[in-house]
Structure formats: structure tokens, C-alpha cells
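Have a look at the structure below, then the notes.
Values in this document were obtained by computation on a predicted structure and should not be read as measured data.
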Amino acid sequence: MAFEFRTVPTIHVEMHGASKIASLLTDRFFERRRVFLVTDQVLLDLGVIDDAIADLESNGFDVCVYSDVVPDPSDDVIRSAALRAKQFAANVVIGIGGGSSMDTAKLVAVLANSDQALETMYGVNAVTGARLPLALVPTTAGTGSEVTPISVVTVGETTKMGVSSPVLYPDIAILDASLTLGLPASTTAATGIDAMVHAIEAYTSRLKKNPISDQLACMALKALHANIERVCTDGNDTEAREAMLLASMQAGQAFANAPVAAVHALAYPLGATFHVAHGLSNSLVLPSVLAYNCDVASDAYAELAGVIGLPTSAAAFVDELVRVAESTGIERQLGQVGVAEDDLPQLAADAIKIERLLVNNPKEMTYDAALACYQAVL
């Protein structure tokens, strides 16, 4: 078997590790002292990143904080952030937050150090410029963006474009579970199920499935399944939070090398059109897509059922994922997030355009099949 596996060069795991970020940067980037920190206003207002900023400033770093990141960041937001970074003469970029902040930071690190236009980066391996040194710090256990070479951009009103390039792998990913303590159960559930989807789709990825990604996907799924209900019940359960964050990262490493598929393809239009959070979008369409794939992927789903302690049955696996989502209390039908039956044809038409993901699905996804998957969870 021939395959390639890539990941970030350094992963630092430590409770309250973000409050020691200055030494982690100094050890790697030496005299680079102008930090452009990408985050969102909610985290800034809540004081989640105060310790990280204080540590940087007390150790001689000049810090410019960009907090205008919003969910599903647009190309305009990313260009604005990159312009600010250039004006600040940044020589290091840090992304602290969920997937949107980390995805923005990845592209800022390239755009602030290159003359390449953002619109020429969309697709696979289209980034030509070198980036600035980059550190990523997740504040949710879900996207795995801290260890992937992928950034997703909203273009126009409803289109999501992906940039996939090894250039986007950060120099260091810092996993600090203290930043995830106290997150609302709804956010914890949606991001946790997102990570589970990453593991599932990596394990069944049609083109680049490989033994290393398989092992990571299985370890991730086992830990996520064991802890997601626990953290939704007690948001300050430190042990469970740490387990979720590490498992989310492992799932990210898996799908960075064995890419995601139809669940994500059907989820993207929900985020772009109805502004449904990415994790919740994945959770909503997961049962129907798995059911659609079952006749082709039943053996793989049965294997995953065994990983999480169930009878080795594809049906048992799908039923358990539905039970987990129901137990967390998050929305289960598209109608609960504002989607009407008349919206489904356009959602299906948009989803079927996302060929870079659909080619990885174990079963060919057609327009009619996508429409049926949406109808099944309306």
C-alpha cells in the first residue's frame, strides 16, 4: 500500500498552556515579536484569551488583536484581517478560537506574507506563497482545524470555498483544555459531534483511507463517544474536556489525510444559506447520509460500532449516533433551524457542486440522493 501522511511539526498539550504562549513562540520563532492575534469578539469580551495576551505583552511581544471574525468568515473578513496584519508589519500569526478564527488565521498568515490573491487559492494545492510563522489554539473540541491544511471561506451570500494546501499546516498547535471549560452544552454537543463526523468520514474516505488515519479515527471516535455526554452534563469536567480536545485533534489529523465526504458537503449549504453552525449542520444531516451510504459502507460502520462498544452492526452504529445527539438536546430536524421544504432543492443543488468532498464519499452522491437526505431530516 502506498500512501502519504502529514501533520503539524509540534503539538503542545497542557492545561493552561495558552498562558505560557510567549515561551512557546520564543523557542520556535526567536526574535519575531510582532504578533497578529486572530480571534472573535465573544472570546475577547469573556476574557478567555486575557492570560495569553498578558503573557505575550509581559514578555516583550507587540500584539495586535483582530477580533472581527464571525462564524463562516467571508472573503471580505479575511482580506480585511490580512490588510491589518500587513499594516501592523506582523511577523507571527496566532489564531485562538473555533474553526472560523483558526481558518482565518491560516489565510492571514499567507496573505500577509505574499502577493497572491485570495481568490486564486481556492481548491487543492493552489497556494503559491510562503506564510508567516503560525500558531493555532482551539477553544472548542470539534473542528480539528489546528492540525489540518484546510481553510473554508464564504464567498458571496451562500457559497463556501475551500483552500487546501500543506502551507496551511501551522508550526505549532497548542491544546489547552482550560479554554474549553464552561462552554454551553449546545456548543459542546455540536462541536463534539462534528469531531465524530471527522473520524467517521476519515475512516470511510474512498480515495485516501490509510492505516494511520484509520487508527487515529478509531482512537478519536472511541474517546469522543465516551466523553461527549459527560461534558454536556458537566461543562467543567476537566478530565473529560481534555479527552475531548485531544480526540478532536486526532480526528483532525485523520481527516487532514483521509478527507471528509458527503456529510460535510450537505452541511456546507446549511451554514452558508441559513447560518447554521458548522457542527450542528453536520449533526443534522449525519443520520440520513449514513443511512444512504449503508449498503456500500456497512462493513466499515459495523467496525466503528465495535470501536465504541456496540454489537458490530451498521444499524446499531447509526442508531447510537442518533441517540447521542438526542441525549444532548441539540436540534435534530432542519425545520428547527429555519429550513422549509421549498428550500431543499436549492440546498441539494448547492451540495452536489462540492465535488472536492463528494469524491471521497463511499457511495456516489447524486442530486436526487442529496435531496432525499435533506427530506429525511426535515
Side-chain angles (χ1 to χ4, degrees), residues 8 10-25 35-59 61 63 65-67 69-71 73 92-106 134-148 170-195 198 220 223-224 227-228 230-253 277-279:
V8 304
T10 303
I11 298 166
H12 183 89
V13 182
E14 182 181 5
M15 185 68 75
H16 304 293
S19 64
K20 305 173 184 178
I21 195 168
S23 64
L24 295 174
L25 297 189
V35 170
F36 190 75
L37 195 157
V38 180
T39 189
D40 65 65
Q41 193 61 45
V42 173
L43 290 179
L44 198 62
D45 290 344
L46 290 174
V48 171
I49 59 176
D50 285 355
D51 288 348
I53 294 172
D55 184 57
L56 289 166
E57 291 180 338
S58 65
N59 282 280
F61 285 83
V63 182
V65 177
Y66 182 88
S67 61
V69 176
V70 294
V92 180
V93 177
I94 302 174
I96 304 182
S100 294
S101 291
M102 291 188 287
D103 281 7
T104 300
K106 291 175 184 178
L134 175 64
L136 297 179
V137 187
T139 59
T140 61
T143 68
S145 183
E146 70 275 9
V147 290
T148 74
D171 297 287
I172 181 171
I174 301 168
L175 304 188
D176 176 358
S178 72
L179 302 180
T180 70
L181 295 176
L183 281 174
S186 58
T187 302
T188 299
T191 55
I193 292 173
D194 185 23
H198 293 155
L224 291 163
N227 288 283
I228 187 169
R230 184 171 157 185
V231 289
C232 287
T233 300
D234 179 3
N236 289 304
D237 185 327
T238 302
E239 183 181 41
R241 286 289 188 189
E242 286 188 306
M244 290 289 290
L245 192 60
L246 182 61
S248 171
M249 183 271 294
Q250 291 170 325
Q253 289 177 307
H278 175 66

For [X] versus [Y], what's the shortest heavy-atom pair and its separation?
{"X": "V147", "Y": "A173", "answer": "CG1-CB, 4.2 Å"}
{"X": "L245", "Y": "P138", "answer": "CD1-CG, 4.0 Å"}
{"X": "S178", "Y": "H16", "answer": "OG-ND1, 3.4 Å"}
{"X": "A223", "Y": "A247", "answer": "CB-CB, 3.8 Å"}
{"X": "T139", "Y": "G98", "answer": "OG1-N, 3.5 Å"}
{"X": "V137", "Y": "A18", "answer": "CG1-CB, 4.4 Å"}

* Asked: Between S248 and G142, is there a donor-acceptor pair closer than 3.5 Å when you use the side chain of the first and the backbone of the second?
  ->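 Yes; at least one donor-acceptor contact below 3.5 Å.
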
* For D176 and M15, indicate whether the former's side chain and the latter's backbone hold a donor-acceptor pair under 3.5 Å. =>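 Side chain of D176 to backbone of M15: no pair is present.
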
* To do: Consider only side-chain N and O atoms of H12 and E14, and report whether a donor and an acceptor are under 3.5 Å apart.
  =>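 Side chains of H12 and E14: pair found under 3.5 Å.
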
* Exercise: do D55 and S19 side chains pair donor with acceptor under 3.5 Å ->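 S19 and D55 do not have a side-chain donor-acceptor pair below 3.5 Å.
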
Can you find a heavy atom in the side chain of [X] that is under 4.5 Å from one in the side chain of [Y]?
{"X": "E146", "Y": "P170", "value": "no"}
{"X": "I49", "Y": "L44", "value": "yes"}
{"X": "L56", "Y": "L25", "value": "yes"}

* To do: Run the numbers on L136 and I174 for side-chain contact (heavy atoms from CB on, under 4.5 Å), then give the verdict.
  => CA-CA 6 Å; L136 297 179; I174 301 168; over 6 Å; no

* Please step through side-chain hydrogen bond (donor to acceptor under 3.5 Å, both in side chains) for the pair D103 and S145, ending with a clear verdict. => CA-CA 7 Å; D103 281 7; S145 183; 2.7 Å; yes

* To do: Apply the test side-chain contact (heavy atoms from CB on, under 4.5 Å) to residues I172 and V8: give CA-CA distance (whole Å), side-chain angles for both, the deciding distance (0.1 Å), then the verdict.
  => CA-CA 7 Å; I172 181 171; V8 304; over 6 Å; no

* **Partner residues of A240 under the side chain to side chain contact (heavy atoms under 4.5 Å, CB included) criterion, sequence neighbours left out** =>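 Applying side chain to side chain contact (heavy atoms under 4.5 Å, CB included) to A240 gives N227, R230, V231, D237.
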
* Asked: Mind checking what makes side-chain hydrogen bond (donor to acceptor under 3.5 Å, both in side chains) contact with T104, not counting sequence neighbours?
  ->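 Partners of T104 under the side-chain hydrogen bond (donor to acceptor under 3.5 Å, both in side chains) test: none.
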
Would you tabulate the side-chain donor-acceptor contacts of residues 179-191 under 3.5 Å, counting partners in other chains and residues two or more places apart, or write 'none'?
{"from": "T180", "atom 1": "OG1", "to": "A177", "atom 2": "O", "distance (Å)": "2.8"}
{"from": "T188", "atom 1": "OG1", "to": "P184", "atom 2": "O", "distance (Å)": "3.0"}
{"from": "T188", "atom 1": "OG1", "to": "R241", "atom 2": "NH1", "distance (Å)": "3.2"}
{"from": "T188", "atom 1": "OG1", "to": "R241", "atom 2": "NH2", "distance (Å)": "3.3"}
{"from": "T191", "atom 1": "OG1", "to": "T187", "atom 2": "O", "distance (Å)": "2.7"}
{"from": "T191", "atom 1": "OG1", "to": "T188", "atom 2": "O", "distance (Å)": "3.3"}

* Interatomic spacing from CD in Q250 to CG in L224 - rounded to 0.5 Å ->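 Answer rounded to 0.5 Å: 8.5 Å.
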
